[in-house]
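Notes to accompany the following structure.
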2 protein chains.
Amino acid sequence: MYSPDEDGVFEQLKSVILAAETDARGRVRLPPERTLAEQLGVQRSTVRERLASLENIGVIRRTRGSGTYVQMPNPGFVQLYFDLAVKLGYVSVDEMERAREMLEREIARIAASHATDDDVAELARLYEVMVHARTIEEGLEADYEFHQRLAYMTRNPVVILLIEGLSSVLREVLYRRRVLVRRVPAGAERTNATHPAIVEAIRARDPEAAMAAMDEHFRVWEEQASSIASSRDSASLLETPPRNQDSP
Amino acid sequence: MYSPDEDGVFEQLKSVILAAETDARGRVRLPPERTLAEQLGVQRSTVRERLASLENIGVIRRTRGSGTYVQMPNPGFVQLYFDLAVKLGYVSVDEMERAREMLEREIARIAASHATDDDVAELARLYEVMVHARTIEEGLEADYEFHQRLAYMTRNPVVILLIEGLSSVLREVLYRRRVLVRRVPAGAERTNATHPAIVEAIRARDPEAAMAAMDEHFRVWEEQASSIASSRDSASLLETPPRNQDSP
DNA sequence: GGAAATCAATTGGTCGCACCAATATTATAC
DNA sequence: GTATAATATTGGTGCGACCAATTGATTTCC
């Protein structure tokens with residue numbers, strides 16, 4: 001024996017997860033590790049190694065003294081993954097932004113095609129909060145929620161997962177950039193000024209106009225960012241990590 | 001002692017990975033597990049558990065007898081993640097398809113805006129392969145490569161990562177559906193007929209036309225799929241797993 | 001001298017068991 | 001019936017051993 005299992009254990013664990021019954025309290029609980037080890041004919045440490053992977057991906061949640069439970073997938077894994085990818089230089093911040101913009105365009109389109117009145121009202125409210133914000137952070141938070149709300153309007157968990165994962169990684173970078181933008185005279189006004197067009201396009205249920213408004217939104221914002229970047233003291237904030245060796 | 005580390009070890013391992021130097025043979029190699037355990041002041045089994053997570057995510061690659069190496073992120077993690085999410089019923093196949101279509105639309109747009117002559121030639125070649133395919137599998141393979149090539153034309157690793165992850169999960173389902181579509185008289189012809197428009201739009205560097213062509217592509221395909229779905233013997237293939245309990 | 005076979009060191013993979021710490025359950029006291 | 005305490009369950013870590021694959025140096029052979 002003592003040969004690598006080729007992740008047969010991993011596959012079996014997936015089956016166990018899929019076959020797991022719902023608890024009396026509505027929780028989907030897995031058998032104890034010691035039981036799983038016996039059932040799969042493997043050592044407990046081996047089971048634990050596989051479970052650790054599933055936990056880091058967000059598929060299960062383990063609580064000492066309680067048990068192992070199947071969990072809703074969360075955007076954390078996308079964050080962790082891209083966070084490492086960015087830091088390792090395999091992808092640049094700029095490339096992540098481009099991917100995010102592509103998704104946002106489509107989100108705007110879908111959101112416009114089946115928005116409820118409540119959705120429109122909430123977007124309008126968030127815009128008001130944004131405009132009347134007294135601190136920079138307050139305005140940025142409303143801006144973030146504005147885009148998040150748009151994603152939720154697609155009613156598609158996959159889209160929400162992806163956009164939240166991308167946004168969370170970019171949030172740090174975007175935050176610093178936006179703070180700089182807003183410090184420029186009339187910076188906040190110009191960036192905020194692109195939001196009403198988005199809201200109106202969605203209120204009119206006009207997908208094409210929504211995409212166009214989103215395009216304009218990013219265009220203005222990047223214009224501001226690049227004008228900021230040309231100044232000396234903030235150039236470093238826009239740097240992207242160097243790419244690593246060979247990439248296929 | 002013996003208290004949960006709150007993943008401090010995990011964070012430290014990420015730092016080690018980021019600080020890892022390039023090998024003489026160009027490989028980025030991590031210290032042996034036994035050394036890492038000593039450096040981090042923790043047991044080897046603990047180090048292994050964290051490394052297992054990173055390996056399943058695709059950040060590192062471990063080879064027995066050789067060592068642990070930092071690896072290019074691969075789409076496998078997205079596949080594993082969404083595969084489980086689909087099987088657990090947190091997301092449906094239909095929702096994944098919608099997300100993929102959204103990305104494909106934008107991919108077509110970006111591809112059209114900066115395509116090289118080689119790109120266009122390759123797309124045209126793949127279409128020819130598709131048309132003259134003698135077996136169903138041959139045609140499907142060319143179709144798959146066609147869409148993959150489009151994704152690569154964005155030159156954005158994030159987009160490629162996402163679309164490959166989504167496609168790999170959907171591939172099984174899509175394969176069965178497409179096989180059915182092509183078995184309908186003139187099924188393959190009608191679906192294939194939407195490809196030239198995509199190629200031509202890209203050859204003309206017309207982003208709007210490319211998106212419209214992609215829309216038409218999916219529209220025809222789904223029309224075929226739904227007509228197939230209405231027949232008795234294949235209805236089960238289009239089923240989506242039931243959604244689970246509470247989802248936030 | 002060079003290529004192939006051999007051997008020992010290195011390194012990741014698993015095992016087995018012990019113990020710690022947090023939670024859940026049961027028993028007990030009031 | 002409720003609150004407290006004791007007990008059992010369960011995940012988290014430690015420790016040391018051995019297995020299996022790779023690597024690199026050594027030897028052997030031509």
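Labels below follow one simple rule: chain letters A, B, ... track the order of the sequence lines, proteins then strands, and each chain is numbered from 1. Because only heavy atoms are used, hydrogens play no part in the values below, and waters and symmetry mates are left out as well, while side chains stay in.
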Side-chain-base donor-acceptor pair under 3.5 Å for A:Arg34 and D:dG11: yes
Nearest listed nucleotide, side chain of B:Glu49, among D:dT13, C:dG12, C:dT14: D:dT13
d(CD, A:Glu33; P, C:dC15) in whole Å: 14 Å
Residue mapping more 5' on DNA chain C - nearest nucleotide basis, B:Arg29 or A:Tyr69: B:Arg29
From D:dG11, D:dT22, C:dG12, nucleotide with atom closest to B:Arg62 side chain: C:dG12
Whole angstrom value for the distance that separates P of D:dG11 from CG of A:Leu54: 14 Å
Rounded interatomic separation in angstrom, taking CZ from A:Arg64 and P from C:dA24: 13 Å
Value in whole Å for how far the P atom of D:dG14 lies from CZ of A:Arg48: 11 Å
Atom CD of B:Glu128: over 12 foreign heavy atoms under 6.0 Å: yes
Spacing between B:Leu40 atom CG and D:dG14 atom P, to the nearest angstrom: 11 Å
B:Gln43 CD - C:dC17 C1' separation (whole Å): 13 Å
Whole-Å gap separating C1' (C:dT11) and CD (B:Glu38): 15 Å
A:Thr116 side chain to A:Asp119 side chain, donor-acceptor N/O pair below 3.5 angstrom: yes
Side chain A:Arg61 and base D:dG11 donor-acceptor under 3.5 Å: no
Partners passing ring pair (Phe, Tyr, Trp, His ring centres under 6.0 Å) against A:Phe146 (at least two apart in sequence or in another chain): A:His195
OP1 or OP2 of D:dG11 under 4.0 Å from side-chain N/O of A:Thr68: yes
Euclidean distance, atom CZ of residue B:Arg27 to atom P of D:dT22 [Å, nearest integer]: 13 Å
D:dG11 phosphate, OP1 or OP2, under 4.0 Å from A:Ser66 side-chain N/O: no
Trace of the side-chain hydrogen bond (donor to acceptor under 3.5 Å, both in side chains) decision for A:Tyr90 with A:Glu95: CA-CA 10 Å; A:Tyr90 289 125; A:Glu95 286 163 341; over 6 Å; no
C:dG13 base / B:Arg44 side chain donor-acceptor hit below 3.5 Å: yes
5′-ward residue of the pair B:Ser45/B:Leu30 relative to DNA chain C: B:Leu30
Residue A:Glu38 excluded, over 12 heavy atoms near CD under 6.0 Å: no
